[in-house]
Amino acid sequence: MSVRPSPDPRPPAPPPDGSADRGPVLREMRWWDLGPVLELERELFPEDAWSPGMFWSELAHARGPRASRRYLVAERDGRLLGYGGLAAVDGTGDIQTIATARDQWGSGLGSRMLTELLGAATDFECHEVLLEVRVDNLRAQRLYERFGFEPVGFRRGYYQPGNIDALVMRRTTQTSSEAPPVQGT
């Protein structure tokens with residue numbers, strides 16, 4: 001298995017032409033990001049937010065020679081705008097979480113993060129990627145469909161305490177010649 005090296009946590013240098021790209025920077029999630037991540041998590045998912053322990057547990061598997069996770073954050077000017085994570089086990093990837101701040105909805109940031117996580121699935125040599133999404137989150141379902149995810153089942157009462165069902169979606173790995181082009185969304 002080939003694993004991408006961890007990106008440099010420092011902000012990128014400005015472009016040589018002097019123009020400043022103000023787009024969000026995607027980088028590896030580190031322990032010091034957990035405060036802002038948890039704040040955004042509670043804002044977006046007040047009933048079923050992940051606990052600090054859940055994030056710590058995931059990050060414990062994100063580094064080193066036996067890494068099986070890839071977690072990333074999106075930030076601009078020191079502000080956390082989103083985060084996402086993928087777990088990989090025995091050739092199957094699972095998008096564990098992906099979220100963007102409300103003011104970033106429709107900006108394409110979710111697509112950028114999903115593209116990065118799918119690249120990590122390729123690095124982990126996953127032949128399929130799964131995810132769960134709330135049945136009432138049509139916006140996220142449309143994003144996943146654009147990336148080739150298809151519904152494969154339901155998990156009744158998956159999101160607690162609201163007892164909301166999860167739609168399980170699956171994307172099989174395609175060779176580069178088979179994969180549809182990803183349009184800027």
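- A salt bridge is defined here as a Lys NZ or Arg NE, NH1 or NH2 lying under 4.0 Å from an Asp or Glu carboxylate O, and Arg70 with Asp123 fails to meet this definition.
- Nearest heavy atoms, Thr92 versus Cys126: C-SG, 3.7 Å.
- Val135 and Leu138 are members of different hydrophobic clusters when ILVMFWY side chains are connected at heavy-atom separations under 4.5 Å.
- Under the 4.5 Å side-chain heavy-atom criterion for Ile, Leu, Val, Met, Phe, Trp and Tyr, Val89 and Val168 are members of distinct hydrophobic clusters.
- Rounding to the nearest 0.5 Å gives a distance of 8.5 Å between CG of Leu81 and CG of Leu40.
- When side chains are defined from C-beta on, Leu59 counts as touching Leu34, because their heavy atoms get closer than 4.5 Å.
- In this structure, Met54 is a member of the same hydrophobic cluster as Trp32, with clusters built from ILVMFWY side-chain heavy atoms closer than 4.5 Å.
- Ion pairing between a basic and an acidic side chain is recognised when a charged N comes within 4.0 Å of a carboxylate O; Arg134 and Asp136 show such pairing.
- Proximity of Phe55 to Trp31: side-chain heavy atoms (C-beta onward) are nowhere separated by under 4.5 Å.
- In this structure, CG on Asp33 lies 10.5 Å from CG on Leu38, to the nearest 0.5 angstrom.
- Between Phe149 and Tyr144, the two ring planes are perpendicular [angle over 60°; tilted spans 30° to 60°].
- Under the 3.5 Å distance criterion, the side-chain polar atoms of His61 are left unmatched by any main-chain donor or acceptor of Arg69.
- When atom types are taken as modelled, the side chain of Thr115 and the backbone of Ser111 share a donor-acceptor pair closer than 3.5 angstrom.
- Open room surrounds CG on Asp90; 12 or fewer heavy atoms of other groups in view lie less than 6.0 Å from it.
- Glu150 CD: 12 or fewer foreign heavy atoms inside a 6.0 Å radius.
- Residues Glu41 and Tyr83 bring a donor and an acceptor atom of their side chains to less than 3.5 Å of each other.
- Atoms OH and CZ, on Tyr159 and Phe45 in that order, are 8.0 Å from each other to the nearest 0.5 Å.
- Atom CH2 of Trp105 is surrounded by more than 12 heavy atoms from other residues, nucleotides or ligands within 6.0 Å.
- Side-chain contact check for Asp165 versus Tyr158: every heavy-atom pair is 4.5 Å or farther apart.
- For the pair Arg155 (side chain) and Glu132 (backbone), a donor-acceptor distance under 3.5 Å is absent.
- With hydrophobic clusters built from ILVMFWY side chains whose heavy atoms lie under 4.5 angstrom apart, Val152 does not share a cluster with Leu114.
- Residues Val133 and Ile95 fail the side-chain proximity criterion, which asks for heavy atoms closer than 4.5 Å.
- A 6.0 Å sphere centred on CD of Glu128 holds more than 12 heavy atoms belonging to other residues, nucleotides or ligands.
- Surrounding CD of Glu145 are more than 12 heavy atoms belonging to other residues, nucleotides or ligands, all under 6.0 Å away.
- Scanning both residues, Gln104 and Pro24, for their nearest heavy atoms gives OE1-CG, 4.4 Å.
- Note: the hydrophobic cluster containing Trp50 does not contain Leu130 (ILVMFWY, side chain heavy atoms under 4.5 Å, direct or indirect links).
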